[in-house]
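Side chains are part of it too, since the values below use all heavy atoms of this structure and drop only hydrogens, waters and symmetry mates.
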Amino acid sequence: MAGLLPHGVPVTLRMDGICITLAEIWTGAARGEENVMGMIVSTGVGGGLVLGGHVVTGRSGNAGHIGHVQVAGFDDLCACGARGCLEAIASGPRSVAWAHSQGFTGATGEDLAAAARTGDEVARAAIERSATAVGRAIASASALVDLDVVAIGGGFSHVADDYVALVQQAVSEHSDFAFVTSTRVVASALSGEGPLVGAAALVHRRDLVV
């Protein structure tokens, strides 16, 4: 979406997931790649798509919003009203809520991470559940648009040192289709700065934005 500030300065707006993906292909973990999804796993789950080297925004600007893709094998009720949405399964708060249903007494994703490090089986199961759901959603997305790389950031993606590896495992074990299972999952190289870097890319890398 584009417009003008009151003084005639041009403005371009994009969803944060799209900006994150732009940042990853410009200066981050997906440099040189043309078919990329950027993802955030945090208090929610979001994403953006770059296909054929250009951002895909869709009719409403929400293309790539993988948080509301339904994941097979799960029935968690999402705030959007649907069941089995990735965000309802894999986000930090929802992972903690699932752990509570299994007897966990911590309150935050940080508590979940700390408990898992000390060998708490429920905390570890919640982390693995989240990563598995993310991996299955990525595999489905790759089956649809043939992704090369998925770069994952966001606070909850740091809940365990092997979180990204667990996501990759779920992708690799998804099916017999090599074009799906060969999709690489990598950690974001931009920490929390991805959205801001991507916003700068809207100006400095306009060739990527259609």
Side-chain angles (χ1 to χ4, degrees), residues 16-17 20 29 37-49 64-144 147 149-177 180-188 191-192 194:
D16 56 352
I20 289 162
M37 176 175 284
M39 286 186 66
I40 290 294
V41 182
S42 187
T43 54
V45 177
L49 281 173
H65 196 349
I66 196 170
H68 292 283
V69 168
Q70 290 179 308
V71 183
F74 297 92
D75 191 44
D76 304 54
L77 179 62
C78 184
C80 76
R83 287 190 175 273
C85 290
L86 178 60
E87 182 170 285
I89 305 158
S91 71
R94 295 304 295 268
S95 294
V96 172
W98 180 86
H100 283 165
S101 74
Q102 307 299 308
F104 181 68
T105 59
T108 66
E110 288 83 1
D111 293 339
L112 202 68
R117 284 195 296 270
T118 63
D120 187 298
E121 292 182 0
V122 171
R124 179 62 183 181
I127 292 168
E128 292 180 356
R129 183 176 191 267
S130 170
T132 296
V134 171
R136 289 182 186 176
I138 288 171
S140 293
S142 197
L144 182 65
L147 296 169
V149 178
V150 177
I152 299 180
F156 198 68
S157 70
H158 302 292
V159 70
D161 290 342
D162 63 344
Y163 185 87
V164 172
L166 290 170
V167 175
Q168 179 72 78
Q169 180 179 344
V171 174
S172 300
E173 295 175 350
H174 181 74
S175 71
D176 293 331
F177 284 147
V180 171
T181 58
S182 64
T183 303
R184 292 189 296 114
V185 181
V186 298
S188 168
S191 187

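The distance from the NE2 atom of H68 to the CD atom of E87 is 4.0 Å, given to the nearest 0.5 Å. To the nearest 0.5 Å, the span separating CG on L147 from CZ on R184 amounts to 11.5 Å. Rounding to the nearest 0.5 Å places CD1 of I20 at 12.0 Å from CE of M37. Once rounded to the nearest 0.5 Å, the distance linking CG of L112 with CZ of R124 reads 10.5 Å. Between the NE2 atom in H65 and the CG atom in L49 there is a gap of 12.0 Å [rounded to 0.5 Å]. Put simply, OG on S95 and CD on E128 are 12.0 Å apart, with the number rounded to the nearest 0.5 Å.
For S130 (side chain) and A126 (main-chain N/O), no donor-acceptor pair under 3.5 Å exists by modelled atom type. S91 places no side-chain N or O within donor-acceptor distance of the main-chain N or O of A88, the cut-off being under 3.5 Å. Remark: the backbone N or O of G106 is paired with a side-chain donor or acceptor of H100 at under 3.5 angstrom. S142 contributes no side-chain N or O that, together with a main-chain N or O of I138, makes up a donor-acceptor pair within less than 3.5 Å. Of the possible polar contacts, one joining the Q168 side chain to the T183 backbone as a donor-acceptor pair under 3.5 Å is found.
Using a 4.5 Å heavy-atom cutoff, the side chains of V41 and I152 are in contact.
Closest non-hydrogen pair, V186 versus A29, comes out as CG2-CB, 3.8 Å. Between A115 and F104, the closest heavy-atom pair is CB-CE1, 3.6 Å. Closest heavy-atom contact between A187 and V164: N-CG1, 4.0 Å.
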Applying side chain to side chain contact (heavy atoms under 4.5 Å, CB included) to V134 and L86, what does each step give before you reach the verdict? CA-CA 7 Å; V134 171; L86 178 60; 4.0 Å; yes

Pair V45-F156, side chain to side chain contact (heavy atoms under 4.5 Å, CB included): steps then yes or no: CA-CA 10 Å; V45 177; F156 198 68; over 6 Å; no

Going through the distances and angles, do C85 and D76 end up as a side chain to side chain contact (heavy atoms under 4.5 Å, CB included)? CA-CA 7 Å; C85 290; D76 304 54; over 6 Å; no

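At most 12 heavy atoms of other shown residues, nucleotides or ligands fall within 6.0 angstrom of atom CD in E121. Atom CG of D75 sits in a crowded spot, with more than 12 heavy atoms from other residues, nucleotides or ligands closer than 6.0 Å.
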